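These figures come from a predicted structure and were not determined experimentally. Naming: A, B, ... by sequence-line order, numbering from 1 per chain.
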2 protein chains.
Amino acid sequence: MDLLDAACPSRDVFVDLADKWALLMLMSLRERGTQRYSELQRSVGGISRKMLAQTLRTLERDGIVSRTVNPDATPPLVLYALTPLGAEVAEETRVLCTWTHDRAAQVYAARAAYDRRADAQA
Amino acid sequence: MDLLDAACPSRDVFVDLADKWALLMLMSLRERGTQRYSELQRSVGGISRKMLAQTLRTLERDGIVSRTVNPDATPPLVLYALTPLGAEVAEETRVLCTWTHDRAAQVYAARAAYDRRADAQA
DNA sequence: TACATCAGGTCTCTAAAAGAGACCATGCCT
DNA sequence: AGGCATGGTCTCTTTTAGAGACCTGATGTA
């Protein structure tokens, strides 16, 4: 019922989503649509192959991302896409991305002010 | 401009927010309003004192949370609250919490199905 | 009077997680 | 033949998170 309760079953669903790589992957898949493994790595800047694989696995297990393999193709073709459930979350997380983008300058200003106060103290 | 770019300045603002403890703290402060340090620790289930202090510091520096000290009081009284900027983000992140709560059962079902397939394979 | 308790943190130590980079088999293009 | 791309995994190192002791000062409890 309440995500604030560590024992709440929804909590560990939340934990899978409340993660920078997961959120950025949802963003990429929403914006650019179906992508292969290596495309995703290039599109989600800074992600390592390890975290890419790990996060994709988690989201696949959660029914948020689908993984389709075409074994006949050479080189091997593996496509990742949002499931209908995943498209829903991706849509919900969009506002957070937009807000971040719009208010980043204000956050930077706040940081500068905070650091000035801290320096003055020292 | 683009959060997917690791070099984008908004990216590290995003990183501060795309974190389970940060999101849960915003949630708690939005739902329950101003709280003292120890109240927050009790309300955000499972958080350690260390992560509580660290996350609060980050959010305070970002201008999302305000910290007010009353040194005359005994025991010392320190109050944490959302700033206007913080109230905005907290509102944006609400949809994610709601979605998680509403769809958790579906995610659990997806996990069960995934694990069954994996077991069958093995 | 002595002891435990609360406040808001910090400090240290350990355990878990993230990041870097090598490695793999296969097949393409030059 | 050599180099690159595919989708990953494996190992090693560094970073991060978590557990728990400790601190100062006042207040309540026996």
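In this structure, CD1 in A:I64 is found 11.5 Å from OG1 in A:T55, a value given to the nearest 0.5 Å. Atom-to-atom distance recorded for B:T98:OG1 and A:L3:CG is 9.0 Å, nearest 0.5 angstrom. With rounding to the nearest 0.5 angstrom, the CG atom of A:L56 is 7.5 Å from the OH atom of A:Y37.
Within the 4.5 Å cutoff, the side chain of A:N70 has no heavy atoms near those of the A:V78 side chain.
Applying the under-4.5 Å side-chain rule to Ile, Leu, Val, Met, Phe, Trp and Tyr, the cluster around B:V15 consists of that residue alone. Through ILVMFWY side-chain contacts below 4.5 Å, B:Y114 is grouped with nothing and stands alone. Residue B:L79 belongs to a hydrophobic cluster whose other members are B:L77, with links defined by side-chain heavy atoms closer than 4.5 Å.
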Using a cut-off of under 3.5 Å, enumerate the N/O to N/O pairs linking the protein to nucleotides 15-18 of chain D.
unit_1: D:dA17; atom_1: OP2; unit_2: B:Q54; atom_2: OE1; d: 3.2
unit_1: D:dA17; atom_1: N7; unit_2: B:K50; atom_2: NZ; d: 2.9
unit_1: D:dG18; atom_1: OP2; unit_2: B:W21; atom_2: NE1; d: 3.0
unit_1: D:dG18; atom_1: N7; unit_2: B:K50; atom_2: NZ; d: 3.2
unit_1: D:dG18; atom_1: O6; unit_2: B:K50; atom_2: NZ; d: 3.1

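For residues 34-44 of chain B, the set of pairs meeting the salt bridge (charged side-chain N to carboxylate O under 4.0 Å, His left out) definition, not counting sequence neighbours, is empty. Counting only residues at least two apart or in different chains, salt bridge (charged side-chain N to carboxylate O under 4.0 Å, His left out) contacts with residues 13-34 of chain B comprise A:R111-B:D16.
With rounding to whole Å, B:Q41 atom CD is found 9 Å from C:dA7 atom P. Rounded to an integer number of Å, the gap from CG of B:L77 to P of D:dT27 is 15 Å. Atoms CD (B:E39) and C1' (C:dC6) sit 13 Å apart, rounded to a whole Å.
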Where protein sits on nucleotides 24-30 of chain C, one letter per nucleotide: B base, S sugar-phosphate only, - none, heavy atoms under 4.0 Å: ---SS--
Give the intermediate values and the outcome of salt bridge (charged side-chain N to carboxylate O under 4.0 Å, His left out) for residues A:D115 and B:R61. CA-CA 8 Å; A:D115 292 346; B:R61 190 170 98 104; 2.6 Å; yes
Side-chain donor-acceptor pairs under 3.5 Å in residues 89-96 of chain A, sequence neighbours left out?
unit_1: A:E91; atom_1: OE1; unit_2: A:R94; atom_2: NH1; d: 3.2
unit_1: A:E91; atom_1: OE2; unit_2: A:R94; atom_2: NH1; d: 2.8
unit_1: A:T93; atom_1: OG1; unit_2: A:V89; atom_2: O; d: 3.4
unit_1: A:T93; atom_1: OG1; unit_2: A:A90; atom_2: O; d: 3.0

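Taking 3.5 Å as the limit, the base of C:dG8 and the side chain of B:R49 contain a donor-acceptor pair of atoms between them.
Qualifying side chain to side chain contact (heavy atoms under 4.5 Å, CB included) partners for B:A112, counting only residues two or more places apart in sequence or in other chains: B:R116. Residues satisfying the side chain to side chain donor-acceptor pair (under 3.5 Å) test with A:S66, not counting sequence neighbours, are none.
Which of C:dT10, D:dG7, C:dA7 sits closest to the side chain of B:A53 comes down to C:dT10. Taking only side-chain atoms of A:R42, from C-beta outward, the nucleotide of C:dG9, D:dT6, D:dG7 with the closest atom is D:dT6.
Residues from residues 22-33 of chain B that place a heavy atom under 4.0 Å from any atom of DNA chain D: there are none. Taken residue by residue, residues 56-70 of chain B places heavy atoms nearer than 4.0 Å to DNA chain C at B:R57, B:R67.
A sub-4.0 Å separation between OP1 or OP2 of D:dG8 and a side-chain N or O of A:Y80 is present.
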